[in-house]
Amino acid sequence: MNAHPSTEAQDRPARLTVGVVGAGRVGPALAASLQLAGHRPVAVSGVSDASVRRAAELLPDVPLVTPAEVLARADLVLLTVPDDALADLVRGLAETGAVRPGQLLVHTSGRYGTAVLDPATRAGALPLALHPAMTFTGTSVDVQRLAGCSFGVTAPEELRMAAEALVIEMGGEPEWIAESARPLYHAALAIGANHLVTLVAQAMELLRTAGVEAPDRMLGPLLGAALDNALRSGDAALTGPVARGDAGTVAAHVAELRRHAPGSVAGYLAMARATADRALAQGLLKPELAEDLLGVLAGPAPDAAEASDGPGTTGPTGRTSADDTPHPDDDGPTGGDR
């Protein structure tokens, strides 16, 4: 099966030279995908050792050059840097005269639409925001995962067909997002994907503490079924002690978490309160049971000193080592982390 659906000839962008500024997890994968569609990667920029390795693996024989040289060589430039670095990068490229009129300038930030590209647009660039709603590993598997992946697309009306055609050529599905809706769109993805990783990691730690030898094998079928049910049925898929109003069970959970993993208590209480609200609204949680349950959930979270102790917990950022800190040109797991 072809992972890159064809488009009508009149809607397909001409074969383009492609450059990447920021060889994090996203940029090389998108450029490799565009290469499969017939475009030609010609330049990539990256600073960290990890970026150099990614570029070599996914874009072999493509020269590693400065950002300004990427723009000098490419018709289509992918700006795949972290969100907080994007505005300064665009401003600097425009002020130094690196932007060429008629050049397609694409960023992959979920947070921004095309307004962040305004300095380059004033210099004649054609602005596109194409955000893949996918988590990236920085390996060749990412190119395969783009098949069927939704992209949040924002572009001027006159460039909409070109933007959507590029997404389709990468195997993706374009979803139009208004400029004003980009932050909300991105927040929704962060809740769904980034927070899911945290929840799963916490659940596996707790299962190990409880003596489960293979928490991944235990959780896999359960979480797969829960995700499928939630996507199909929304709040109607809610199950468990909160939705049932089992205040005693929830109180026991909180007590055990305080003993074994106090750093998890605040998250448990917050998610349980949100679950109770949704279950009440759907009529799943009986009002007469909600009062006792909400009383349990109103209990205080552990203080900062207590939360720092206990097994299987991490610091406030969720990182366990300074070595995990991403390099500025490492755009992270969700399209520029996104």
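Note: hydrogens, waters and symmetry copies are ignored here, and every other heavy atom, side chains too, is used. Note that the numbering runs from 1 along the sequence shown for the chain.
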Open item on the list: So does A29 get a backbone contact from the side chain of S33, meaning a donor-acceptor N/O pair under 3.5 Å?
Closed with: no

Open item on the list: Is there a side-chain contact between P215 and M218 in this structure, where contact means two heavy atoms from C-beta onward sitting under 4.5 Å apart?
Closed with: no

Open item on the list: Please check this pair: side chain of D142 against backbone of F136, looking for a donor-acceptor N/O pair closer than 3.5 Å.
Closed with: no

- [ ] Establish whether L159 and L30 are linked, either directly or via other cluster members, by ILVMFWY side-chain heavy-atom contacts under 4.5 Å.
- [x] yes

Open item on the list: Please check: side-chain N/O of T80 versus main-chain N/O of G22, any donor-acceptor pairing under 3.5 Å?
Closed with: yes

Open item on the list: For the CG atom of D75 and the OG1 atom of T17, what is their distance to the nearest 0.5 Å?
Closed with: 3.0 Å

Open item on the list: Does atom CD (Q282) have a neighbourhood of more than 12 heavy atoms from anything else shown, all under 6.0 Å?
Closed with: yes

Task: For P41 against A31, the heavy-atom pair lying closest together - done: CG-O, 3.8 Å

Task: Close side-chain approach of L206 to L257, heavy-atom, < 4.5 Å - done: yes

Task: Distance (rounded to the nearest 0.5 Å) between L58 CG and S140 OG - done: 6.5 Å

Open item on the list: Which residue is it: V52, V18, V20? I am looking for the one with a side-chain contact (heavy atoms from CB on, under 4.5 Å) to V44.
Closed with: V20

- [ ] Give the minimum heavy-atom separation between E69 and R73, together with the two atoms involved.
- [x] OE2-NE, 2.8 Å

TODO: Report the distance from atom CD of E164 to atom CG of L130, rounding to the nearest 0.5 Å.
DONE: 10.0 Å

Open item on the list: If only side-chain N and O atoms count, and only distance matters, is there a donor-acceptor pair under 3.5 Å linking T114 with E179?
Closed with: yes

Open item on the list: Closer than 3.5 angstrom, by distance alone: can the side chain of R244 be matched with the main-chain N or O of K286 as a donor-acceptor pair?
Closed with: no

- [ ] Determine, using the 4.5 Å side-chain heavy-atom cutoff (strictly less than), whether V106 and V42 are members of one ILVMFWY cluster.
- [x] no

Task: Connected via hydrophobic side-chain network under 4.5 Å: V250 and L284 - done: no

- [ ] Please assess T137 against R25 for the test side chain to side chain contact (heavy atoms under 4.5 Å, CB included), listing each intermediate value before the final yes or no.
- [x] CA-CA 6 Å; T137 65; R25 298 176 183 176; over 6 Å; no

Task: Step-by-step salt bridge (Lys or Arg N to Asp or Glu O under 4.0 Å) determination, R259 to E256 - done: CA-CA 5 Å; R259 287 182 57 205; E256 286 299 293; 3.2 Å; yes

Task: Side chain to side chain, V70 and T66, heavy atoms closer than 4.5 Å - done: no

Task: W176 with V167, same ILVMFWY side-chain cluster at under 4.5 Å - done: yes

TODO: Can you see which heavy atom on V153 is nearest to which on A163, and at what distance?
DONE: CG1-CB, 3.8 Å

Open item on the list: Does any part of the side chain of L34, heavy atoms only, come nearer than 4.5 Å to the side chain of R40, both counted from C-beta?
Closed with: no

Open item on the list: Please determine whether residues L64 and V26 belong to a single hydrophobic cluster, defined as Ile, Leu, Val, Met, Phe, Trp and Tyr linked transitively by side-chain heavy-atom distances below 4.5 Å.
Closed with: yes

- [ ] Give the minimum heavy-atom separation between V21 and P67, together with the two atoms involved.
- [x] CG1-CB, 4.0 Å

Task: Over all atoms of both residues, closest heavy-atom pair of L280 and P287 - done: CD2-CA, 4.2 Å

Open item on the list: Quick one, M170 and F151 - any side-chain contact, counting heavy atoms below 4.5 Å?
Closed with: yes

Open item on the list: I want to check something: taking the side chain as every heavy atom from C-beta on, are L166 and H39 in contact at a cut-off of under 4.5 Å?
Closed with: yes

Task: Close side-chain approach of H186 and D83, heavy atoms under 4.5 Å - done: yes

TODO: Mark yes when over 12 heavy atoms from residues, nucleotides or ligands other than E158 sit less than 6.0 Å from its CD; otherwise mark no.
DONE: yes

Task: Residue pair L126, L105: steps toward the side chain to side chain contact (heavy atoms under 4.5 Å, CB included) verdict - done: CA-CA 6 Å; L126 306 177; L105 213 56; over 6 Å; no

TODO: For Y185, enumerate each residue passing the ring-ring contact (aromatic ring centres under 6.0 Å, His included) test, keeping only those at least two apart in sequence or located in another chain.
DONE: H131

Open item on the list: Assess the residue pair L117 and H107 against the criterion (side chain to side chain contact (heavy atoms under 4.5 Å, CB included)); give the C-alpha distance rounded to whole Å, side-chain angles, the decisive distance to 0.1 Å, and a yes or no.
Closed with: CA-CA 8 Å; L117 299 174; H107 78 71; 3.8 Å; yes

Open item on the list: Working to the nearest 0.5 angstrom, can you tell me the gap between D228 CG and L223 CG?
Closed with: 12.5 Å

Task: Interatomic spacing from CG in L79 to CG in L86 - rounded to 0.5 Å - done: 6.5 Å

Open item on the list: Between S233 and A236 (side chain of the first, backbone of the second, donor and acceptor by atom type, cut-off under 3.5 Å), is there such a pair?
Closed with: no

Task: Where G38 and R15 come nearest, the two heavy atoms and their spacing - done: O-CD, 3.5 Å

Open item on the list: As an exercise, state the distance from CG of L293 to CG of D246, rounded to the nearest 0.5 Å.
Closed with: 8.5 Å

Task: Option among Q202, H253, R273 that satisfies the side-chain hydrogen bond (donor to acceptor under 3.5 Å, both in side chains) test with Y268 - done: H253

Open item on the list: Are more than 12 heavy atoms, taken from residues, nucleotides or ligands other than E213, located less than 6.0 Å from that residue's CD atom?
Closed with: no

- [ ] Check whether any side-chain N or O of R54 sits under 3.5 Å from a backbone N or O of G24 as a donor-acceptor pair, and report yes or no.
- [x] yes

- [ ] Could you tell me whether the side chains of T154 and R182 share a donor-acceptor contact shorter than 3.5 Å?
- [x] yes

TODO: Tell me, with the steps shown, if V212 and M204 meet side chain to side chain contact (heavy atoms under 4.5 Å, CB included).
DONE: CA-CA 9 Å; V212 175; M204 289 200 295; over 6 Å; no

Task: Non-hydrogen side-chain atoms of D84 and R111 separated by less than 4.5 Å - done: yes

TODO: Could you tell me which residues satisfy salt bridge (charged side-chain N to carboxylate O under 4.0 Å, His left out) with D235, sequence neighbours excluded, listed by chain and number?
DONE: R278

